[in-house]
Peer 1: 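I'd like to ask some things about the structure below.
Side-chain atoms are counted along with the backbone in the values below, which use heavy atoms only and exclude waters and symmetry mates.
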Amino acid sequence: MSKKIRVLHVAEAAGGVERYLETLFKYSDKQTVENILVCSQNYDINKFNNIASKVIVVNMVHKIDPKQDLFSINRVRSLIKKYKPDIVYGHSSKAGAISRIANMGLHSKCIYNPHGWAFNMRQSKKKKQMYIMIEKMLAPLCQKIVCISDAEKESALRYKICSAKKLQVIYNGIDFEEFDKEVSQKVNVSVPKNSFVIGMVGRLSEQKAPDVFVNAAKLIKEKIPNAYFLMVGDGDLRSDIELQIETLGLKDSFYITGWVDNPAAYMKLMDVGMLLSRWEGFGLVLPEYMLAGVPILATDVDAIPNIIQDGENGLLVEKDNYREASKQVIVLHDNSKIRNRIVKNAKQCVNDNFNGKRVAQESLNLFTSCKESR
């Protein structure tokens, strides 16, 4: 029996990366791969105790902090020396930097997955250039960079982060089994009877554009009197969004759940699911909407058009265009033929392309080729 491939995963950012790792570990071939997780204090390690070989917490901070970052690098380096993994796998920008620097001069191969490039976020030109420079400097320290969409690969090539041969696209996937369990759970929200529910699952942050969602809601409510709006999530803009809702006179037509452990359970209440991101590395909620049978309206940015074909498995609008978003919701409300076609095509799309088991298999193929490369 051949020796297992030992992979030491380094992760700082929780949220989407945490869910990605849960699915990856769950469906990894335990006879072939040994997954060790080195994660930040932001992780719920109980989720990984039964699906990872080891879980080790290392203090990491999201912002640039030279003193703390040096501590994190030294700690990760000591763990690489201790466990001697075949592969060190850094997830997201910060952990990707820490893991690649920590592995310098050691014998482990290195893979990096940014889970969405930091330089694609809305930010100042100076900060964008800084992120591009950092990525270019660190790219030689790893054998492969995993892109979660074709758009992410195109961005890397556009900004000359590395050569095309170093890039490999592995689309994100979702855990169908866990999703089915989650979507069947009861939720503690009372939606008015006979409502047409428009939902948004995501952080209340600038990226996810909850302000655009609320502005669109005002126009939707004028055309669809029984419209009700559900925001599943929380974030730093919550107080601003609550004020916006109240100012527009929509308080009785809105419900914000805050952070929940079962966002999929709220999708079964929705007649339309929206993702109005201003930038998006992938948008895992899109295949989740598909699996739940919820018609999708999303923005035509970054990776989203790789997932949504306009008019086929969803509808696309320009970012920040709340008027167009409201018009397209009304189309979905009024035209059952369009709505049913989108749902049918989306179901086929998610089954064909976004199963978490496929992510695990493609990752195993990458680990194998990376380990055997010289």
Side-chain angles (χ1 to χ4, degrees), residues 3-30 32-116 118 134-135 138-139 141-146 148 168 170 172 175 281 356 359-360 363-364 366-368 370-371:
K3 181 184 175 184
K4 290 182 182 181
I5 302 172
R6 178 174 285 180
V7 184
L8 188 143
H9 300 262
V10 184
E12 175 271 325
V17 177
E18 189 172 12
R19 289 165 62 204
Y20 179 95
L21 290 170
E22 284 183 73
T23 302
L24 178 60
F25 291 0
K26 177 179 176 180
Y27 291 112
S28 289
D29 182 353
K30 305 301 188 294
T32 309
V33 181
E34 178 187 2
N35 290 306
I36 298 172
L37 175 62
V38 177
C39 61
S40 72
Q41 64 282 3
N42 300 318
Y43 272 56
D44 180 356
I45 62 173
N46 293 323
K47 294 179 179 178
F48 294 92
N49 285 333
N50 295 323
I51 55 175
S53 299
K54 290 182 177 65
V55 181
I56 303 150
V57 177
V58 172
N59 285 334
M60 303 181 219
V61 293
H62 192 65
K63 63 181 181 180
I64 296 175
D65 182 331
K67 185 177 179 181
Q68 179 60 50
D69 292 345
L70 183 59
F71 167 84
S72 303
I73 290 167
N74 287 335
R75 180 73 177 113
V76 171
R77 186 173 179 84
S78 69
L79 292 170
I80 296 172
K81 289 179 177 180
K82 178 179 179 180
Y83 291 106
K84 297 179 175 57
D86 296 295
I87 295 165
V88 174
Y89 193 167
H91 296 270
S92 79
S93 300
K94 188 57 176 287
I98 290 170
S99 59
R100 284 181 286 179
I101 295 170
N103 193 52
M104 287 177 64
L106 302 181
H107 299 294
S108 302
K109 301 294 177 62
C110 191
I111 298 172
Y112 165 51
N113 186 337
H115 292 275
I134 290 171
E135 293 293 357
L138 295 179
L141 301 181
C142 61
Q143 277 66 45
K144 281 288 184 179
I145 295 177
V146 175
I148 56 177
Q168 180 157 339
I170 300 179
N172 273 359
D175 185 341
V359 178
S363 297
L364 173 58
L366 175 60
F367 298 157
T368 302
C370 191
K371 180 185 176 183

Peer 1: Please identify each residue that fulfils side chain to side chain donor-acceptor pair (under 3.5 Å) with H9, with sequence neighbours left out.
Peer 2: N35, H91

Peer 1: Using every non-hydrogen atom in the two residues, find where S93 and G116 come nearest and quote the distance to one decimal.
Peer 2: OG-O, 4.5 Å

Peer 1: Supply the atom-to-atom distance I170 CD1 to I111 CD1, rounded to the nearest 0.5 angstrom.
Peer 2: 8.0 Å

Peer 1: Would you sort out whether E12 and I98 count as a side-chain contact (heavy atoms from CB on, under 4.5 Å), showing the intermediate values?
Peer 2: CA-CA 9 Å; E12 175 271 325; I98 290 170; 5.6 Å; no

Peer 1: Using a 4.5 Å cut-off on heavy atoms from C-beta on, say whether the side chain of V58 contacts that of L79.
Peer 2: yes

Peer 1: Without swapping roles, check the side chain of S108 against the backbone of K84 for a donor-acceptor pair under 3.5 Å.
Peer 2: no

Peer 1: Could you name each residue pair satisfying salt bridge (Lys or Arg N to Asp or Glu O under 4.0 Å) that touches residues 55-82, not counting sequence neighbours?
Peer 2: D69-K94

Peer 1: Considering all heavy atoms of both residues, which atom of I87 and which atom of C370 are nearest to each other, and what is their separation?
Peer 2: CD1-CB, 4.3 Å

Peer 1: Step through the shown structure and confirm whether more than 12 heavy atoms of other residues, nucleotides or ligands are within 6.0 Å of CG on N49.
Peer 2: yes

Peer 1: Quick one: list whatever passes side-chain contact (heavy atoms from CB on, under 4.5 Å) with K54, sequence neighbours left out.
Peer 2: E34, I36, Y83

Peer 1: Start with the C-alpha gap between L364 and S28, add the side-chain angles, then the distance that decides, and say whether side-chain contact (heavy atoms from CB on, under 4.5 Å) holds.
Peer 2: CA-CA 8 Å; L364 173 58; S28 289; over 6 Å; no

Peer 1: For a 4.5 angstrom cut-off between non-hydrogen side-chain atoms, does L141 reach N103?
Peer 2: no

Peer 1: Enter the distance from I101:CD1 to I73:CD1 here, rounded to the nearest 0.5 Å.
Peer 2: 4.0 Å

Peer 1: I'd like to check the side-chain contact (heavy atoms from CB on, under 4.5 Å) partners of N74; sequence neighbours left out, ordered by chain and number.
Peer 2: L70

Peer 1: Calculate, to the nearest 0.5 Å, the distance between atoms NZ and CD1 belonging to K371 and I5 respectively.
Peer 2: 5.5 Å

Peer 1: CD1/I145 to CG/L138 distance, rounded to the nearest 0.5 angstrom?
Peer 2: 9.0 Å

Peer 1: Which class fits the ring pair F48 and Y43: parallel under 30°, tilted 30 to 60°, perpendicular over 60°?
Peer 2: tilted

Peer 1: Can you find a pair of side-chain heavy atoms, one from L37 and one from L21, that are under 4.5 Å apart?
Peer 2: yes

Peer 1: Identify, with sequence neighbours excluded, every residue that meets side chain to side chain donor-acceptor pair (under 3.5 Å) alongside Q168.
Peer 2: none

Peer 1: For F25, is there any backbone N or O sitting under 3.5 Å from a side-chain donor or acceptor partner on K30?
Peer 2: yes

Peer 1: To check you understand the geometry: which heavy-atom pair defines the closest contact between P114 and V146, and what is its length?
Peer 2: CD-O, 3.3 Å

Peer 1: I'd like to know whether S40 forms a side-chain contact (heavy atoms from CB on, under 4.5 Å) with V57, so could you lay out the CA-CA distance, the side-chain angles of the two residues, the decisive distance to 0.1 Å, and finally the verdict.
Peer 2: CA-CA 6 Å; S40 72; V57 177; over 6 Å; no

Peer 1: So S72 and N59, do their side chains get closer than 4.5 Å, heavy atoms only?
Peer 2: no

Peer 1: For the side chain of K144 and the backbone of C142, is there at least one donor-acceptor N/O pair under 3.5 Å apart?
Peer 2: no

Peer 1: Less than 4.5 Å apart, any side-chain heavy atom of N42 and any of H62?
Peer 2: no

Peer 1: Kindly indicate whether the side chain of K26, heavy atoms from C-beta on, has any atom under 4.5 Å from the side chain of D175.
Peer 2: yes

Peer 1: What residues form a side chain to side chain donor-acceptor pair (under 3.5 Å) with E135, not counting sequence neighbours?
Peer 2: R100, Y112

Peer 1: To check you understand the geometry: which heavy-atom pair defines the closest contact between V55 and C39, and what is its length?
Peer 2: CG1-SG, 4.1 Å

Peer 1: Please report the closest heavy-atom contact between V76 and A102, naming both atoms and the distance.
Peer 2: CG1-CB, 3.8 Å

Peer 1: What distance do C110 atom SG and I80 atom CD1 have between them, rounded to the nearest 0.5 Å?
Peer 2: 7.5 Å

Peer 1: Go through it in stages, so that I can follow the logic: the residues are N172 and Y20, the test is side-chain contact (heavy atoms from CB on, under 4.5 Å), and I'd like the CA-CA distance, side-chain angles, deciding distance and then a yes or no.
Peer 2: CA-CA 8 Å; N172 273 359; Y20 179 95; 3.1 Å; yes

